[in-house]
Student: 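The structure under discussion is supplied below as structure tokens; questions concerning it will follow.
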2 protein chains.
Amino acid sequence: MQNLLFDFISKYISLTEEEKSTLLSLNLFHSVKKGTILLKEGQKSNESYFVLKGCIRSYYNIDGEEKTTAFYTEMEALVPPSVLSKTPSPYYVSCIEDCILTISNTDMEEEINRKFPKFETMCRMMSEELLAKERIDFDAFKTSSPEQRYLNLLQVRPDLIQRVPQHQLASYLGIKPQSLSRLRARILQKN
Amino acid sequence: MQNLLFDFISKYISLTEEEKSTLLSLNLFHSVKKGTILLKEGQKSNESYFVLKGCIRSYYNIDGEEKTTAFYTEMEALVPPSVLSKTPSPYYVSCIEDCILTISNTDMEEEINRKFPKFETMCRMMSEELLAKERIDFDAFKTSSPEQRYLNLLQVRPDLIQRVPQHQLASYLGIKPQSLSRLRARILQKN
DNA sequence: TCATCTCGTTAACTTAAGTTAAGAAAAGAC
DNA sequence: GTCTTTTCTTAACTTAAGTTAACGAGATGA
């Protein structure tokens, strides 16, 4: 598991053995059971998550209904807005599967940034990259229909459709579960 | 104009006079006429934009139709994905109004980061902040109807509705211009 | 000035998503 | 294993967005 993390980091910066052991001394790694709620709406947590194995989701409670807006799988990071703005979290985060995560908090990140300035370089690069990706994804969402979005998801993240419950996928695609069912039936008929 | 930029920067880091004059020596400031295309689809530009005055928009050409996906107004930054990934730009960027922008390129940014490490800290903070904001906006888009999106826009960016053509607003809201017209008429009737 | 093009609106019709409800299948609890 | 709950699907009906077309206002340009 540690190697998964170090391999990922090595895409941005190179770490010395000393830096690696400093990271390991922080006790970042956690096993979390399916169904665990990592963050609740309203909470002022300062924890960030990086998925080594498994899948976590963010969801809102709107008029008593769960609206899933994002999934984070292997080698993806979630820094909730509450971490940066110190405001209550607008959404929940929970584990869809048994997960192995790194969980860090603001203090730990500040400490690492102080000890190893290149760690900040990595964070900058990752944030810039993720921001660009998020904007492109948002653009694609705006400019396509629910059916196109589903077909696109089949192309770019086929695993998600297998491992995630349909009703959560539906709100991720911006529609109701019944509409997703219908849309899938429509696609099957066409072929 | 320079003060607008320095005031903005001062929200993240404090600059010495020396640092300010180094920034000024880079010739960042540009006046750009309404209608100017700053970036074309397919181009491998490495320029980033920061809006001091005016409004720029990003748009895609999909089946011969312009699909506007984002507007950047005063004190907002656009770092196109092509800058980071060195791939052709997926979209166009053009000026909706006469603008005053700072235009920088990768080389300039690297030079500044090398001279003033705290500049990188600012970039990291801005990227993290913008990523969090972008995700929240995307979530809100997914979980609401076109009508709710329009009403929300009226609340949070009423200026946009005034200064931007309707048909560009429509694709920004993920619908057709005719649907936006109808939706507005529907809202008026309700009151 | 006149002609042209763009933009916003309206209308009629089509298509697809939302809503409500019901039933079957699968998962989870005891 | 049975009971309960959740999840997925289907169907009928409603609502709203997409599509096509037409018109008027305003801007643009020769």
Side-chain angles (χ1 to χ4, degrees), chain A residues 33-37 55 57 59-69 71 92 94-98 141-154 160-190, chain B residues 33-37 55 57 59-69 71 92 94-98 141-154 160-190:
Chain A
K33 279 257 160 287
K34 176 178 177 172
T36 306
I37 294 181
C55 179
R57 64 187 254 258
Y59 63 97
Y60 293 72
N61 185 316
I62 297 176
D63 302 329
E65 273 198 45
E66 276 187 16
K67 304 270 192 180
T68 300
T69 53
F71 301 101
Y92 294 80
S94 83
C95 297
I96 290 189
E97 306 168 355
D98 290 349
F141 193 96
K142 275 181 184 171
T143 56
S144 60
S145 66
E147 185 170 325
Q148 288 171 320
R149 281 173 218 152
Y150 177 77
L151 290 170
N152 180 254
L153 197 63
L154 266 177
L160 261 196
I161 294 172
Q162 299 308 317
R163 68 205 284 194
V164 163
Q166 297 283 330
H167 66 285
Q168 290 173 11
L169 259 190
S171 55
Y172 179 69
L173 294 170
I175 57 177
K176 303 284 161 182
Q178 298 92 316
S179 298
L180 179 54
S181 259
R182 177 169 41 197
L183 179 159
R184 282 156 54 94
R186 197 166 62 220
I187 290 170
L188 281 176
Q189 258 192 339
K190 283 182 188 169
Chain B
K33 279 259 161 286
K34 174 177 177 172
T36 306
I37 294 182
C55 179
R57 65 186 252 260
Y59 62 98
Y60 293 73
N61 184 315
I62 297 176
D63 302 329
E65 274 198 44
E66 276 188 16
K67 303 270 191 177
T68 300
T69 53
F71 301 102
Y92 295 80
S94 84
C95 298
I96 291 190
E97 305 168 356
D98 290 349
F141 193 95
K142 276 183 184 171
T143 56
S144 59
S145 66
E147 183 170 326
Q148 288 172 319
R149 281 173 219 151
Y150 176 77
L151 290 170
N152 181 253
L153 195 65
L154 266 177
L160 262 195
I161 294 172
Q162 299 308 316
R163 68 205 282 193
V164 163
Q166 296 284 330
H167 64 285
Q168 291 173 11
L169 257 190
S171 55
Y172 179 70
L173 294 170
I175 56 177
K176 304 280 162 187
Q178 299 92 319
S179 298
L180 179 55
S181 260
R182 176 170 42 195
L183 179 159
R184 282 157 53 94
R186 198 165 62 221
I187 291 170
L188 281 175
Q189 259 191 339
K190 283 183 188 168

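Letters go in sequence order (proteins before strands), and every chain restarts at 1.
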Student: Sequence neighbours excluded, which residues qualify as side chain to side chain donor-acceptor pair (under 3.5 Å) partners of A/Arg163?
Tutor: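 Side chain to side chain donor-acceptor pair (under 3.5 Å) list for A/Arg163, sorted by chain: A/Glu74, A/Glu97.
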
Student: Would you mind reading off the distance between A/Glu65 atom CD and D/dT7 atom C1', rounded to a whole angstrom?
Tutor: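 Going from A/Glu65 (CD) to D/dT7 (C1'), I get 14 Å.
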
Student: Identify which nucleotide among D/dG18, D/dA16, C/dT10 has an atom closest to any side-chain atom of B/Arg186, counting heavy atoms from C-beta outward.
Tutor: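 Output: D/dA16.
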
Student: Does a side-chain N-to-carboxylate-O contact under 4.0 Å join A/Lys34 and A/Asp98?
Tutor: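 Result for this pair is no, no salt bridge flagged.
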
Student: Hey, what do you get for CD1 (A/Ile96) to OG1 (A/Thr36), rounding to the nearest 0.5 Å?
Tutor: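 It comes to 12.5 Å.
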
Student: Taking only the side-chain heavy atoms of B/Ser181 (C-beta and beyond), determine which of D/dT9, D/dA17, C/dT10 contains the nearest atom.
Tutor: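 Of D/dT9, D/dA17, C/dT10, C/dT10 is nearest to the side chain of B/Ser181.
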
Student: Considering residues at least two apart in sequence or located in another chain, which fulfil the ring-ring contact (aromatic ring centres under 6.0 Å, His included) criterion with A/Tyr150?
Tutor: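 A/Tyr150 satisfies ring-ring contact (aromatic ring centres under 6.0 Å, His included) with no other residue.
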
Student: Take atom CG of A/Leu183 and atom C1' of D/dC8, then tell me their distance rounded to the nearest Å.
Tutor: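 Answer to the nearest Å: 14 Å.
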
Student: I want to confirm an ordering. Mapping A/Leu180 and B/Gly174 to their closest nucleotides on DNA chain D, which one lands closer to the 5' end?
Tutor: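 It is A/Leu180, whose closest nucleotide lies nearer the 5' terminus.
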
Student: List the residues meeting salt bridge (charged side-chain N to carboxylate O under 4.0 Å, His left out) with B/Arg149, not counting sequence neighbours, and say none if there are none.
Tutor: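 So B/Arg149 forms no salt bridge (charged side-chain N to carboxylate O under 4.0 Å, His left out) with any residue.
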
Student: Suppose we screen for ring-ring contact (aromatic ring centres under 6.0 Å, His included). Which residues come up paired with A/Tyr59, at least two apart in sequence or across chains?
Tutor: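 For A/Tyr59, the residues satisfying ring-ring contact (aromatic ring centres under 6.0 Å, His included) (neighbours in sequence not counted) are A/Tyr92.
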
Student: Check every atom of C/dA17, C/dT10, D/dA17 against the side chain of B/Ala185 and return the nucleotide holding the closest atom.
Tutor: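 Nearest listed nucleotide: C/dT10.
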
Student: Rounding to 10°, can you tell me the angle the first-five-pair axis of the helix from C/dT1-D/dA30 to C/dC30-D/dG1 makes with its last-five-pair axis?
Tutor: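 The angle separating the two end axes equals 50°.
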
Student: Could you grab the distance from atom CZ of A/Arg182 to atom CD1 of A/Ile187, nearest 0.5 Å is fine?
Tutor: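 If we round to the nearest 0.5 Å, A/Arg182:CZ and A/Ile187:CD1 are 12.5 Å apart.
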
Student: What are the residues of residues 146-154 of chain B, sorted by number, that bring a heavy atom to within less than 4.0 Å of DNA chain C?
Tutor: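 Heavy-atom contacts with DNA chain C come from no residue of residues 146-154 of chain B; none.
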
Student: Under 3.5 Å between N/O atoms: give me all the protein pairs with nucleotides 19-28 of chain D, atom names plus distance.
Tutor:
{"from": "D/dT20", "atom 1": "O4", "to": "B/Gln178", "atom 2": "NE2", "distance (Å)": "3.3"}

Student: Donor-acceptor pairs under 3.5 angstrom involving side-chain atoms of residues 165-178 of chain A: please list them, not counting sequence neighbours.
Tutor:
{"from": "A/Ser171", "atom 1": "OG", "to": "A/Thr68", "atom 2": "N", "distance (Å)": "2.8"}
{"from": "A/Ser171", "atom 1": "OG", "to": "A/Thr68", "atom 2": "O", "distance (Å)": "3.2"}
{"from": "A/Ser171", "atom 1": "OG", "to": "A/Gln168", "atom 2": "O", "distance (Å)": "3.4"}

Student: What residues in residues 163-172 of chain A put a non-hydrogen atom under 4.0 Å from any atom of DNA chain D?
Tutor: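 Heavy-atom contacts with DNA chain D come from A/Pro165, A/Gln166, A/His167.
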
Student: To the nearest 0.5 Å, what is the distance between CG on B/Leu183 and CG on B/Leu188?
Tutor: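 Those atoms lie 10.0 Å apart.
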
Student: Nearest whole Å is fine: how far is D/dT7 P from A/Ile96 CD1?
Tutor: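 Rounded to whole Å, this separation is 11 Å.
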
Student: Kindly write out the residues that satisfy side chain to side chain donor-acceptor pair (under 3.5 Å) with A/Glu65, not counting sequence neighbours, or none if the list is empty.
Tutor: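 Partners of A/Glu65 by the side chain to side chain donor-acceptor pair (under 3.5 Å) criterion come out as none, since no residue qualifies.
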
Student: What pairs with A/Thr69 under side chain to side chain donor-acceptor pair (under 3.5 Å), at least two apart in sequence or on another chain?
Tutor: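 So A/Thr69 forms a side chain to side chain donor-acceptor pair (under 3.5 Å) with A/Ser58, B/Asp139.
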
Student: With a 4.5 Å limit on heavy-atom distance, are the side chains of A/Asn152 and A/Ser144 in contact?
Tutor: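 No, every pair of side-chain atoms sits at 4.5 Å or beyond.
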
Student: Could you tell me which residues satisfy side chain to side chain donor-acceptor pair (under 3.5 Å) with B/Ser145, sequence neighbours excluded, listed by chain and number?
Tutor: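 Scan of B/Ser145 (side chain to side chain donor-acceptor pair (under 3.5 Å), adjacent residues dropped) gives B/Gln148.
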
Student: Nearest-Å distance, CD1 (A/Ile175) to C1' (C/dA16)?
Tutor: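 In whole Å, C/dA16 C1' lies 10 Å from A/Ile175 CD1.
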
